[in-house]
Peer 1: 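One structure is given below, represented as structure tokens, and several questions about it will come after.
Within every chain, numbering begins at 1; the chains are lettered A, B, ... in the order of the sequence lines, protein sequences first and strands thereafter.
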Amino acid sequence: MNDDELSFEQQAWLVINAIPYGRVASYGDIARLAGHPNAARQIGRILSKLPEQSKLPWHRVIGQQGTLSLSGERLLCQQEALRSEGVIINERGRVCMKKYRWQP
DNA sequence: GGCATGACATTAG
DNA sequence: TCTAATGCCATGC
């Protein structure tokens, strides 16, 4: 870990933290913005270790097609949080990426 | 340094 | 639309 450069994990936090209210971003986008176009999996791994105390809007991080890759309690929590921000979720549990996708 | 893991992406059928 | 298979990359042991 260099002091000059943040680790991928740190970069991911910054990117996710930069997602504005009522918007969503895909794992691939986060990874790309963090400097690794194909490191989407690491985003998921990082978030899985993310403590609930973290202020990161992890619920705004979804799949490329607006799909939620989580399951069970976390999935419900995420959907609830997104709807609370005005994001509409389809019956299939998907989000309209064309409307809500965060484009920097 | 190598192997296994993971909240994915993409392609093909 | 869904499932299966493959590739990619950082992290932990």
Peer 1: Could you pull out the closest heavy-atom pair between A:Gly63 and A:Ser26, with the gap in Å?
Peer 2: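 Looks like O-CB, 3.8 Å.
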
Peer 1: Write down the distance between CD (A:Gln10) and C1' (C:dA10), rounded to a whole number of angstrom.
Peer 2: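 Roughly 14 Å, once rounded to whole Å.
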
Peer 1: Report the distance from atom CZ of A:Phe8 to atom C1' of B:dC8, rounded to the nearest whole Å.
Peer 2: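 The distance from CZ of A:Phe8 to C1' of B:dC8 comes to 11 Å, rounded to the nearest Å.
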
Peer 1: Of the nucleotides C:dG12, C:dC9, C:dC2, which has the atom closest to the A:Lys49 side chain?
Peer 2: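 Nucleotide nearest to A:Lys49's side chain: C:dG12.
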
Peer 1: Among A:Val24, A:Leu82, A:Ile62, which one satisfies side chain to side chain contact (heavy atoms under 4.5 Å, CB included) with A:Tyr100?
Peer 2: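 The single option meeting the side chain to side chain contact (heavy atoms under 4.5 Å, CB included) with A:Tyr100 is A:Val24.
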
Peer 1: In this structure, how many angstroms lie between the C1' atom of B:dA9 and the CD atom of A:Gln65, rounded?
Peer 2: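 Spelled out: CD on A:Gln65 to C1' on B:dA9 is 9 Å.
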
Peer 1: List the atom of A:Glu9, the atom of A:Ile46, and the distance in Å for their closest heavy-atom pair.
Peer 2: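 Closest heavy-atom pair between A:Glu9 and A:Ile46: CA-CD1, 3.6 Å.
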
Peer 1: What is the minimum heavy-atom distance between A:Ala31 and A:Ala40, and which atoms define it?
Peer 2: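 Here A:Ala31 and A:Ala40 meet closest at CB-N, 3.6 Å.
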
Peer 1: What's the verdict on side chain to side chain contact (heavy atoms under 4.5 Å, CB included) for A:Leu14 and A:Leu33, showing C-alpha distance, side-chain angles and the deciding distance?
Peer 2: CA-CA 10 Å; A:Leu14 294 175; A:Leu33 294 171; over 6 Å; no

Peer 1: How many whole angstroms separate atom CG of A:Asn38 from atom P of C:dG7?
Peer 2: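 It works out to 13 Å between those atoms.
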
Peer 1: Respond yes when some side-chain nitrogen or oxygen of A:His36 is under 4.0 Å from OP1 or OP2 of C:dA10, and no when none is.
Peer 2: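 Result: yes.
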
Peer 1: Thinking salt bridges, do A:Glu85 and A:Arg60 make one under a 4.0 Å N-O criterion?
Peer 2: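 Yes, this pair counts.
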
Peer 1: Quick one: A:Met97 CE to B:dC8 C1', roughly how many Å, whole number?
Peer 2: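 Result: 13 Å.
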
Peer 1: Could you tell me how far apart A:Leu75 (CG) and B:dA7 (C1') are, to the nearest whole angstrom?
Peer 2: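 Rounded to the whole Å, the gap is 10 Å.
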
Peer 1: For residues 64-81 of chain A, which side-chain donor-acceptor pairs fall under 3.5 Å, sequence neighbours excluded?
Peer 2:
| from | atom 1 | to | atom 2 | distance (Å) |
| --- | --- | --- | --- | --- |
| A:Gln78 | NE2 | A:His59 | O | 2.9 |
| A:Gln78 | NE2 | A:Val61 | O | 3.0 |

Peer 1: Could you please name the option among B:dA7, C:dC2, C:dC8 that lies closest to any side-chain atom of A:Arg41?
Peer 2: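 The listed nucleotide nearest to A:Arg41's side chain is C:dC8.
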
Peer 1: Report the nucleotide, chosen from C:dA10, B:dA7, B:dA9, that has the shortest atom-to-atom distance to any side-chain atom of A:Trp58.
Peer 2: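 Of the options given, the side chain of A:Trp58 lies nearest B:dA7.
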
Peer 1: For A:Glu9 and C:dG12, give me the distance from atom CD to atom C1', rounded to whole Å.
Peer 2: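 From A:Glu9 CD to C:dG12 C1': 12 Å.
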
Peer 1: Got a minute to check which stems DNA chain B is part of, using Watson-Crick or G-U wobble pairs under 3.5 Å, three or more consecutive?
Peer 2: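 Expected stems, ordered by start: B:2-6 with C:9-13, B:8-13 with C:2-7.
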
Peer 1: Whole angstrom is fine here: how far is it from OH in A:Tyr27 over to P in C:dC8?
Peer 2: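 From A:Tyr27 OH to C:dC8 P: 21 Å.
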
Peer 1: What nucleic acid atoms does A:Arg94 come within less than 4.0 Å of, heavy atoms only: base, sugar-phosphate, or nothing?
Peer 2: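 Result for A:Arg94 = sugar-phosphate.
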
